[in-house]
Each structure stands twice: as C-alpha cells, then as structure tokens.
Protein chains: 2
Amino acid sequence: MRTVGTDVRLRVAQAPEPCAHWANRDADLVREVLDLVGDKWSVLLLGTLASGPLRYSDLIAAVPAISQRMLTLTLKQLQRAGFVERTSHPEVPPRVEYTITELGSSLLSAVLALGTWSTEHQAQIRGNQAAFDAVEPPEAGKAE
Amino acid sequence: MRTVGTDVRLRVAQAPEPCAHWANRDADLVREVLDLVGDKWSVLLLGTLASGPLRYSDLIAAVPAISQRMLTLTLKQLQRAGFVERTSHPEVPPRVEYTITELGSSLLSAVLALGTWSTEHQAQIRGNQAAFDAVEPPEAGKAE
DNA sequence: CCGAATCCGTACTGATACTG
DNA sequence: CAGTATCAGTACGGATTCGG
C-alpha cells in the first residue's frame, strides 16, 4: 500500500506514477468521444450501418426500439461529426441512404475494443455488483 | 398503435455482411461499459485515482468542478462495480481512502485507448462539424 | 418515404443544508 | 472529515402529429 502525501492540496500529480501516464487533458479527450458515442443510440446505429448502407425506414426496422425522433437526431449528429454520410436520391418516392464513413468505421473499431474488454470482464463486474448489493442495501422498498 | 410500416415487404437484413463482424449483442456489451463510464465523472475519477490512493476531500480538491453529491454517487457506483476500493480507517478524524483496483486500471487503459483515437481524429471531427455547421444552420439566434 | 415540430414525463445533475 | 438528504433546474428520451 502506498502512503499518499498528506499535503496533497491541489497537487494530485505529485504521487508517483506506478504505471499510468495520466493527465487531466486525457479526460477531456475521452469525454469528447464519449459525448459523441456515449448516448443511447450512436454505437448501435454505427454498428447497424457497418454491414452496409441503409435507408431511414430500414434503420427504423432494424432498430425497433428507437423512436423516429431519436433516429433523426442521432443520425444528424453522426453525420455532423462525419461518421456517416447521408445520400439523398432526388426521386419521386424520396430515398435517403445512410452510409458509414471510414472515420465512422474507425471509431466503431475503437469502441468495439471496449466491447471486447466488456466481454472479458463482464462476469467479474456483475459478480462485484452482486456482492456489493448483498452487503449494501439495495433498499428499494423491498418487501417479501 | 402506429401503422407506419404496413409494408412488410421491407427486408432489413438484406444487406450482406461485407466486412463487419457485428452482432447486436456487441452493442449490449458496449452499452454496459458505456453505462458505467459514460457518465460525466467516472473516467475523470478513475484517472485521478490512477496516480495513487486519495481521500474524499483530496478528490474534491483534485476535481474542483465536481459536487459532493456526484462524487459520492460516482464513487459508490465505481466501488460497486469493483473499479475502486474504499478503505475506511477507524480513527477519530475519520479517514477514508479510495484506491483504484486492478480491474479499474484495466478499464481505464481500455478507455484511454479511446482517448488515443480521439487525439488522432479530433481535428478531423471538428473540421467536419464546422463544415456541417457552415451549411446546415446552427440557427441559434445567430446575428447580434 | 423522410423528416421536422410539439408535448410531456423522467433521469440526471448541481447547490445547499444537515448529520455522525 | 466524510458523507446524507432535500429541492430545483435542465437535458434526455419517447409518443404523437404535421409537412414536403
């Protein structure tokens, strides 16, 4: 166990770096991408589009739980960041296709790495949570 | 009930899987970890603790923007998942230390990889967004 | 068919005050 | 010092409706 300095007022970085090269700037970087894909639907849409271009109504069908509102908003945000491309065909029944871009695929890969991590540690996390809940009261008006 | 799609002829999975090994299950995995660290403070606290154990008040000082409430809540959530460990020293001025666990460090590394990605593509993303905003109206009471 | 606009409930977040 | 409790503002997300 490490003895932390008692005078760590504002200086957190005074502690030795055992293995981490952490700077607060890193947090900002992470937050930026988290703000982009940390929402409920972005990753899901990106993943759905990874298999190939889809139309608006196809996306609705492919992700039944999403509302039209959120689909539109999320799509627009992804398009704005350059993760998907929107192609509108000027035809009589309008047809709009959404395609994932290189950047979007790149992002998806990076995020999928998190999925890999999740796969490996998911069981442990759930176990921890269960053990924690067993001691600390979930306390949700439980009656039995 | 909404009858938006009386057309059952739509074929969702019609798109072939050219290169992506994507399953909807992946999304769940990603969402799980995103639910854990996708919030505003988890990553920041994890990163702050990466340099060594800190006390409650040290964390408040190290992350001035956080409120006591959010610190407590986030800490508890991280503890529940097993990312940090809480050590209460039964002394007269109470002293409680929070330490990042192996699991937490592991998670932080995985998330930091996202930070790396962000570093590399941040400029491009910002450029895309700016270009998008130039065409599509931000329209927020622009003039002055 | 694609999407924008509106209404509304809920969850998250922060400020403040209080306790052991 | 280390939390807990309560209240209020805001942002998020969903259902629905209307327009091009």
Side-chain angles (χ1 to χ4, degrees), chain A residues 4 6-9 31 34-45 53-80 84-99 136-137 139-140, chain B residues 1-12 31 34-45 53-80 84-99 136-140:
Chain A
V4 67
T6 51
D7 283 332
V8 192
R9 301 276 161 125
R31 278 243 51 77
L34 246 39
D35 284 341
L36 286 173
V37 301
D39 62 88
K40 202 172 174 183
W41 304 109
S42 293
V43 175
L44 193 53
L45 288 183
L54 287 177
R55 303 174 56 172
Y56 185 85
S57 44
D58 292 337
L59 284 169
I60 287 283
V63 188
I66 200 174
S67 62
Q68 295 182 356
R69 172 188 156 88
M70 291 319 293
L71 177 58
T72 301
L73 286 176
T74 307
L75 241 24
K76 188 169 294 184
Q77 171 195 291
L78 293 176
Q79 181 194 356
R80 190 175 101 101
V84 305
E85 190 179 2
R86 179 183 183 276
T87 309
S88 176
H89 299 84
E91 301 173 0
V92 178
R95 190 171 81 236
V96 179
E97 278 191 344
Y98 292 91
T99 312
E136 208 74 18
E139 194 86 31
Chain B
M1 178 81 67
R2 180 153 184 77
T3 56
V4 66
T6 37
D7 260 49
V8 199
R9 301 169 299 181
L10 285 175
R11 294 170 54 192
V12 172
R31 278 242 52 78
L34 245 39
D35 285 341
L36 286 172
V37 299
D39 61 88
K40 201 173 175 181
W41 302 109
S42 293
V43 175
L44 193 53
L45 289 182
L54 288 177
R55 304 173 56 170
Y56 186 87
S57 46
D58 292 336
L59 283 169
I60 287 282
V63 189
I66 201 173
S67 62
Q68 295 182 357
R69 173 187 157 84
M70 290 321 293
L71 177 57
T72 301
L73 287 176
T74 307
L75 240 25
K76 189 167 295 184
Q77 170 194 295
L78 293 176
Q79 182 195 354
R80 189 175 102 103
V84 306
E85 190 178 3
R86 179 183 183 276
T87 310
S88 176
H89 298 85
E91 301 172 1
V92 179
R95 189 170 83 238
V96 179
E97 278 191 344
Y98 291 92
T99 312
E136 209 73 19
E139 200 76 41

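Please read these numbers as outputs of a predicted model, since none were measured by experiment. Order of the sequence lines sets the chain letters (A, B, ...), proteins ahead of strands, with each chain counted from 1.
Straight-line distance from the CZ atom of B:R95 to the P atom of D:dG3: 13 Å, rounded to whole Å. At whole-Å resolution of the value, CD1 in B:I60 and P in D:dT4 are 13 Å apart. Distance CD (B:Q68) to P (C:dT13): 17 Å, rounded to an integer number of Å. Atoms CD (B:Q79) and C1' (D:dA2) sit 13 Å apart, rounded to a whole Å. The nearest whole Å value for the distance from the CE atom in B:M70 to the C1' atom in C:dC12 is 7 Å. Straight-line distance from the CG atom of B:L54 to the C1' atom of D:dC1: 15 Å, rounded to whole Å. Taking atom CG of A:L75 as the reference point, atom C1' of C:dA4 lies 14 Å away to the nearest angstrom. For the pair A:L73 CG and D:dG13 C1', the computed distance is 9 Å after rounding to whole Å.
Within 4.0 Å (heavy atoms only), B:P94 reaches at least one base atom of the nucleic acid. At a threshold of 4.0 angstrom between heavy atoms, the contacts of A:T72 are confined to the sugar-phosphate backbone, with no base atom among them.
For the residue pair B:S42 and B:Q77, the shortest heavy atom distance occurs at OG-NE2, 3.4 Å. Of all the heavy atoms in B:R86 and B:V96, the pair that sits closest is CG-CG1, 3.8 Å. Looking at every heavy atom in both residues, A:Y56 comes nearest to A:Q68 through OH-O, 3.4 Å.
Remark: A:K40 NZ to B:L34 CG distance equals 13.0 Å, nearest 0.5 Å. Distance check: A:D39 CG to A:M70 CE gives 6.5 Å after rounding to the nearest 0.5 Å. Taken from CH2 in B:W41 to CD1 in B:I66, the straight-line distance is 5.0 Å, to the nearest 0.5 Å. Atom OG1 of A:T99 sits about 11.0 Å away from atom CD of A:Q79, to the nearest 0.5 Å.
Closest to the side chain of B:K76, out of C:dA4, D:dT4, C:dT13, is D:dT4.
If you check residues 34-44 of chain A against DNA chain D, the residues with a heavy atom closer than 4.0 Å are A:K40, A:W41, listed by number.
Between A:R55 and the phosphate of C:dC2, there is a side-chain N or O to OP1/OP2 separation shorter than 4.0 Å. Applying the 4.0 Å criterion to OP1 and OP2 of D:dA2, one finds that B:S57 has a side-chain N or O inside that range. Distances shorter than 4.0 Å separate none of the side-chain N or O atoms of B:Y56 from OP1 or OP2 on D:dT4.
For the pair B:I66 and A:R86, both in contact range of DNA chain C, the more 5′-proximal nearest nucleotide belongs to A:R86.
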